[in-house]
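Here, residue 1 is the first one in the sequence, and each next residue gets the next number.
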Amino acid sequence: MHPVFSVPARFPTVAVSAAIAALSLGAGLTALPASAQTPAFQTAPDAAAFREDALSIQPLIDAQYAYLDRFPGGVMPMTPQLRAEAEAVSDNRSLLRYAEHALTALADHHAITGRSFSDDWAIVPTYGDLWIETSGSNYFVTAVRAGSPAEAAGVRPGDRLTAVGDAPTADAVAAFWSPLGLTAEGERAPYAARVLAAGRRDRPRDLTFSGPAGTRRLTLPNLYVGAADRPPLDVRTDRDALVIRFNDSLGQNGTVAAFDAAMTTAQPGQPVVIDLTDTPSGGNTVVARAVMGWFVSAATGYQVHNLPSEERETGIPRQWVEQVLPRPGKHHDGPVSVRVSRWTGSMGEGLAIGFDALGARVTGGPMAGLRGAVSDLILPRSGLTLKLPTERLYTVSGTPREAFVPAP
């Protein structure tokens, strides 16, 4: 038996059933013991109710998921194996397992369940330290998280991930998808490799790499172990610039006050560097707009929202521009630049494209590329939450946020 964990988000959420919450949210999650759960309902669902919730997941995804155009026929991948698993759901555990499999079938790091098992795969990018991409039949490390176990062990960009445990990487990736009735084609191959490289939450990772240093089999701790508490920001001066580094804190209540305090130390005209290289969990637009509000003197558009579900339902498209507004008594007139990495995710990416719209230089190369804005979709009988990208997000010039590539 695997204990089930309740996983509250690090940001405010809006519960929806057949509707969406129009919030730009991240996917950072923290597990709590089952004893800390608050029951959604006073009467426990019976087996039929759990099964009904399972069978509702496919139509819910087909109605709400913002990126169905990634799949043949514009519908969620539904294999005979997944359908049989949904039909067999009879309790909370089997529903959660099926929901995890249904969302995994999307091969989208931004689509996750609101609860999890203690031995589940780690959430990427929040609890991953290796970015893996494919080239032909090879699985290459293209980025290593700064300060991570992988970096400390000497793994470097350009190394190949050649095995996971005793299995060659290609075989491990195929085995990842096989129970779902899917093959490791297209986006699924690098998606699975990144998840496998992040490992399971309850055990060390056993990974083999080949590179200039030869072939090495490494045992690496997972990133759920030994995570230290950090302040929302680290602030320092580098030459003449004020550098403000966010410690994965874009969804924390104290971040706005910490940022305001840091900005009060800036000298008139001093360059400010916003370091978003460790923001994989995303956050919320309150923090993002508070940060950008220091650098505008008039209402300024910073990202574009598009709601595909409304067009599917009504035939009428819906799209709008979100603005950042000046903050009274809080303005800095010096130049601002932004640093990003593969561990700039969700709202971190929103801040990056927002600062780009404000004319700031954004550097660091590709970000996490997390798709869209996430809403909480709550299954009506069990109360299980699916966290699903329901809005597409774009730069003000029309580039999909996930496709925005800053300068190296």
Heavy-atom count around R361 CZ within 6.0 Å, excluding the residue itself: above 12? no

Least distance between heavy atoms, [X] atom then [Y] atom:
X    : Y    : answer
A193 : Y139 : CB-CD2, 3.5 Å
T113 : L103 : N-CD1, 3.7 Å
I112 : I123 : CD1-CD1, 4.2 Å
S56  : L379 : OG-CD2, 3.9 Å
R312 : A63  : NH1-O, 3.0 Å

[X] side chain to [Y] side chain, donor-acceptor N/O pair below 3.5 angstrom:
X    : Y    : result
D248 : W343 : no
N138 : S135 : no
T277 : R245 : yes
T162 : T169 : no
S346 : H110 : yes
E349 : T344 : no
S116 : R201 : yes
Y98  : R51  : no

Indicate, with yes or no, if the rings of H305 and W320 have centres closer together than 6.0 Å. yes

Please report whether the ring centroid of Y302 lies less than 6.0 Å from that of F355. no

Please answer whether the main-chain N or O of P190 pairs with a side-chain N or O of T134 as donor and acceptor at a distance below 3.5 Å. no

Aromatic plane relationship, F259 with F246 - under 30° parallel, 30 to 60° tilted, over 60° perpendicular: parallel

Exactly one candidate in R342, R145, R205, R194 meets salt bridge (charged side-chain N to carboxylate O under 4.0 Å, His left out) with D129; the answer is R205

Scan E310, E311, E313 and name whichever one has a salt bridge (charged side-chain N to carboxylate O under 4.0 Å, His left out) with R318. E310

Under the salt bridge (Lys or Arg N to Asp or Glu O under 4.0 Å) test, residues paired with R217 that sit two or more places apart: D166, D206

